Amino acid sequence: MRFHKLTTTTLGLGYIPKGAGTAAAAVTCLAWWWALPYLQQPQLVLCIATVVIMAVGTWSSSKVEVLWGKDNRRVVIDEVLGMCISMLFIPFQWPYMLAAFVLFRILDITKPLLIRRMEKLPGGWGVMMDDVLAGIYANFIIQLFILFQH
């Protein structure tokens, strides 16, 4: 169970009393920013990491739900996943990364356009899918901005 607690709390970030989800999203954004210079194919690595986070996060979220209840505030791996999705295929430049962070957090907190409905899915799927959809929406908005900017 220790693995699942470490995974779902993103190495303990979920234990922050206030703003743990925002902290997890910010740390994810900063970690990618830091890792970029060391990666040969950053978009490929981000895609692979996103798939792995989705799989492990869904599994671990289902496991800790038995202990902590449905979508407990300590579970922040879903924010990590949503942040990763919001950064997929956008330029790795600070204005876009900041936009991804802000848009994702706004969408994750307000939960418009079917995002709230995703929480009703069973187990870890309900924990993860609302953030997946928030990340997709954030990414879509940024992609539209890029498209119309050029």
Side-chain angles (χ1 to χ4, degrees), residues 1-39 42-90 92-143:
M1 191 56 80
R2 182 176 291 166
F3 170 79
H4 299 299
K5 287 180 180 179
L6 279 172
T7 300
T8 56
T9 63
T10 309
L11 303 175
L13 283 174
Y15 293 110
I16 295 172
K18 294 259 186 204
T22 300
V27 167
T28 302
C29 195
L30 292 172
W32 280 109
W33 186 259
W34 174 82
L36 280 174
Y38 305 103
L39 300 174
Q43 290 293 352
L44 177 62
V45 174
L46 182 55
C47 285
I48 293 168
T50 301
V51 170
V52 170
I53 292 166
M54 176 71 181
V56 174
T58 302
W59 175 47
S60 289
S61 295
S62 293
K63 295 292 185 185
V64 299
E65 190 174 284
V66 175
L67 293 174
W68 294 339
K70 179 85 172 149
D71 205 358
N72 187 278
R73 65 170 184 80
R74 288 175 276 202
V75 177
V76 294
I77 191 68
D78 51 336
E79 276 80 11
V80 172
L81 176 63
M83 192 65 230
C84 287
I85 292 169
S86 69
M87 294 186 296
L88 283 172
F89 310 114
I90 66 169
F92 284 126
Q93 298 168 4
W94 76 265
Y96 295 110
M97 305 276 281
L98 181 61
F101 172 76
V102 170
L103 285 169
F104 169 68
R105 289 308 296 149
I106 288 170
L107 291 164
D108 185 36
I109 291 166
T110 60
K111 300 193 184 309
L113 304 169
L114 303 176
I115 294 173
R116 185 164 312 281
R117 207 176 264 181
M118 292 291 144
E119 293 178 320
K120 295 179 179 161
L121 293 171
W125 291 106
V127 174
M128 303 296 279
M129 291 307 291
D130 67 313
D131 294 271
V132 166
L133 196 52
I136 289 169
Y137 288 160
N139 189 288
F140 182 73
I141 292 167
I142 295 167
Q143 297 295 348

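Remember, it's a predicted structure, so these values are computed and weren't measured experimentally.
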Taking C-beta and beyond as the side chain, do [X] and [Y] meet within less than 4.5 Å on heavy atoms?
X: Leu46; Y: Phe92; result: yes
X: Phe3; Y: Ser60; result: yes
X: Lys5; Y: Trp68; result: yes
X: Val64; Y: Asn72; result: no
X: Glu79; Y: Asp131; result: yes
X: Asp71; Y: Asp78; result: yes
X: Ile77; Y: Ser61; result: yes

key: Whether Trp59 and His4 hold their rings parallel, tilted or perpendicular, with breakpoints at 30° and 60°   = perpendicular

Would you list the atom pairs, donor with acceptor, under 3.5 Å between side chains in residues 16-36 and any protein atom, with sequence neighbours excluded?
from	atom 1	to	atom 2	distance (Å)
Thr22	OG1	Arg105	NE	3.1
Thr22	OG1	Arg105	NH2	3.1
Thr28	OG1	Ala24	O	2.7

For the backbone of [Y] and the side chain of [X], can you confirm whether one donor and one acceptor N or O come within less than 3.5 Å of each other?
X: Glu65; Y: Pro122; answer: no
X: Tyr137; Y: Leu113; answer: yes
X: Ser62; Y: Gly124; answer: yes
X: Gln43; Y: Ile90; answer: yes
X: Asp130; Y: Glu119; answer: no

Heavy atoms from other residues, nucleotides or ligands near [atom1] of [X] exceed 12 (cutoff 6.0 Å):
X: Lys111; atom1: NZ; answer: yes
X: Arg73; atom1: CZ; answer: yes
X: Tyr15; atom1: OH; answer: yes
X: Lys120; atom1: NZ; answer: no

Can you tell me how far apart [atom1] ([X]) and [atom2] ([Y]) are? Round to the nearest 0.5 Å.
X: Leu88; Y: Thr50; atom1: CG; atom2: OG1; answer: 4.5 Å
X: Lys63; Y: Met1; atom1: NZ; atom2: CE; answer: 7.0 Å
X: Met87; Y: Tyr96; atom1: CE; atom2: OH; answer: 15.5 Å
X: Ile115; Y: Ile109; atom1: CD1; atom2: CD1; answer: 11.5 Å

At their closest point, which heavy atom of [X] faces which heavy atom of [Y], and how far apart are they?
X: Asn139; Y: Ser86; answer: ND2-O, 3.3 Å
X: Phe89; Y: Cys47; answer: CZ-SG, 3.4 Å
X: Val80; Y: Thr10; answer: CG2-OG1, 3.5 Å
X: Phe104; Y: Gly82; answer: CE1-CA, 3.5 Å

query = Met54 and Met129: side-chain contact (heavy atoms from CB on, under 4.5 Å), yes or no, with the steps?
reply = CA-CA 9 Å; Met54 176 71 181; Met129 291 307 291; 3.5 Å; yes

task = Please name the residue in the list Val127, Thr58, Val51, Ile53 that meets the side chain to side chain contact (heavy atoms under 4.5 Å, CB included) test with Leu81.
result = Ile53

